[in-house]
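As structure tokens, the structure follows; a few thoughts come after it.
Numbers for residues simply follow the sequence, beginning at 1.
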Amino acid sequence: MWMDEQLLNIINQQVQDEEAILYEATVKNGIQTGLLETENLTLHFIEQTLLNNQIRLRLPQEFTTMASEQAELKYPSPCRPNLILTDASTTVNFAFNHTLTPLKPAHIEEYKQTMMQAIVKMQSSAQFLEDGIKEINGLPVGFFEFISPALDGDIYNLAGFTPLKGRALLINFNCFETDMPIWRPIAFGILDSLELIDSHENATHRGGLIR
């Protein structure tokens, strides 16, 4: 009986893994073609230029800029992001911040560790998932994922960061942990579309996030 249950668990896990791979492929294709249709949602992706024409990504057309009053509630720190895009429910958010913090490619790992340590100090119960440094068209991009507690439900967070004109560019995504299976591949897929725009040389660095 125990062996039967173990075998069933293995089979179920394989099915879940195959479904996850298929969903990730569907998401990637949807972001690139401009339309993602699944059983759970429909999103139209368009290329958008943000932060004073410094970055470009493919983002859901359905997302809008979060109202300042709502932003103050969700991000009470005076150092809240420069731009927050949200869905109609305001529970799925992308936040963008070109900080004043100096950052060079060689210091990505140190910066990542510092950010993770700061989160632990603020939220000792935070649960970290994956973290690392990935190559985006020759540029190092640090990232980490974590689950944080909240009054209305645990929150899934993805933080990505890279140097932009010598300063740290932060791209943060969050949603309820219960929505993580749906939105995690989308968050990574959107990060995968990142372009850094060099206005002085009239050139762009096109990114491809390697996971």
Side-chain angles (χ1 to χ4, degrees), residues 6-50 55-64 83-96 108 112 127-148 153-162 169-197 204-211:
Q6 187 179 42
L7 179 59
L8 183 60
N9 289 336
I10 292 174
I11 294 174
N12 288 337
Q13 186 60 55
Q14 289 176 339
V15 170
Q16 292 176 11
D17 291 344
E18 291 174 358
E19 290 177 346
I21 292 173
L22 179 60
Y23 179 61
E24 288 183 8
T26 299
V27 167
K28 182 177 180 180
N29 181 68
I31 292 174
Q32 292 303 315
T33 61
L35 176 62
L36 174 61
E37 290 185 293
T38 72
E39 181 181 346
N40 301 292
L41 79 169
T42 298
L43 294 173
H44 299 83
F45 288 87
I46 58 174
E47 192 172 77
Q48 297 191 40
T49 302
L50 309 174
I55 66 172
R56 184 181 294 120
L57 302 97
R58 296 188 65 81
L59 291 160
Q61 190 173 12
E62 292 80 2
F63 278 48
T64 58
L83 173 66
I84 305 167
L85 300 179
T86 187
D87 70 343
S89 70
T90 70
T91 63
V92 181
N93 308 291
F94 282 94
F96 304 87
I108 287 282
K112 175 170 69 71
Q127 175 189 353
F128 286 92
L129 305 175
E130 294 186 28
D131 70 271
I133 300 175
K134 305 299 182 180
E135 287 293 321
I136 296 182
N137 195 33
L139 296 173
V141 174
F143 77 93
F144 59 87
E145 304 170 277
F146 65 100
I147 306 295
S148 59
D154 290 347
I155 304 298
Y156 165 73
N157 304 267
L158 167 64
F161 36 92
T162 192
L169 166 68
L170 303 184
I171 301 176
N172 295 293
F173 169 83
N174 60 67
C175 68
F176 283 118
E177 183 184 13
T178 52
D179 295 327
M180 174 181 166
I182 296 173
W183 281 100
R184 181 177 184 262
I186 297 174
F188 271 104
I190 289 173
L191 191 59
D192 185 51
S193 70
L194 175 66
E195 294 179 272
L196 305 184
I197 303 172
T204 60
H205 300 287
R206 186 175 299 276
L209 182 63
I210 304 170
R211 292 186 58 205

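In plain terms, the two heavy atoms of Thr49 and Arg56 that are nearest each other are OG1-NE, 3.4 Å. Nearest heavy atoms, Ala159 versus Phe161: O-CE2, 4.0 Å. Closest heavy-atom contact between Leu129 and Met180: CD1-CE, 3.6 Å. Nearest heavy atoms, Leu57 versus Ile55: CD1-CD1, 3.6 Å. Taking each heavy atom of Phe63 and Val92 in turn, the nearest pair found is CE2-O, 3.6 Å. Nearest approach of Arg58 to Thr33, heavy atoms of both residues: NH2-C, 4.4 Å.
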Practice task
Walk me through it: do Ile31 and Asp192 pass the test side chain to side chain contact (heavy atoms under 4.5 Å, CB included)?
Solution key: CA-CA 10 Å; Ile31 292 174; Asp192 185 51; over 6 Å; no

Practice task
Assess whether side chain to side chain contact (heavy atoms under 4.5 Å, CB included) is satisfied between Leu35 and Glu37, documenting all intermediate values.
Solution key: CA-CA 6 Å; Leu35 176 62; Glu37 290 185 293; 3.6 Å; yes

Practice task
Verify side chain to side chain contact (heavy atoms under 4.5 Å, CB included) between Glu62 and Leu43, making sure each step is shown before the conclusion.
Solution key: CA-CA 7 Å; Glu62 292 80 2; Leu43 294 173; 3.8 Å; yes

Exercise for the section: Verify side chain to side chain contact (heavy atoms under 4.5 Å, CB included) between Phe176 and Trp183, making sure each step is shown before the conclusion. Expected result: CA-CA 9 Å; Phe176 283 118; Trp183 281 100; over 6 Å; no

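Note that CG of Leu85 and CD1 of Ile190 are 9.5 Å apart. Values are rounded to the nearest 0.5 Å. Note that CD1 of Ile186 and SG of Cys175 are 9.0 Å apart. Values are rounded to the nearest 0.5 Å. Distance check: Ile182 CD1 to Tyr23 OH gives 6.0 Å after rounding to the nearest 0.5 Å. Note that CG of Asn93 is 4.5 Å distant from CG of Asn174, once rounded to the nearest 0.5 Å. Atom CG of Asn157 is separated from atom CD of Glu177 by 10.5 Å, given to the nearest 0.5 angstrom. Atom CD in Glu145 sits 5.5 Å away from atom CG in Leu158 (nearest 0.5 Å).
Side-chain N or O atoms of Thr162 include one that pairs as donor or acceptor with a backbone N or O of Pro140 at under 3.5 Å.
A salt bridge links Asp131 to Lys112: one of the charged nitrogens lies within less than 4.0 Å of a carboxylate oxygen.
Applying the ring-ring contact (aromatic ring centres under 6.0 Å, His included) test to Phe96 and every residue at least two apart in sequence or in another chain returns nothing.
In this structure, Phe143 and Phe188 have perpendicular ring planes: the angle between them is above 60°, well past the 30° mark.
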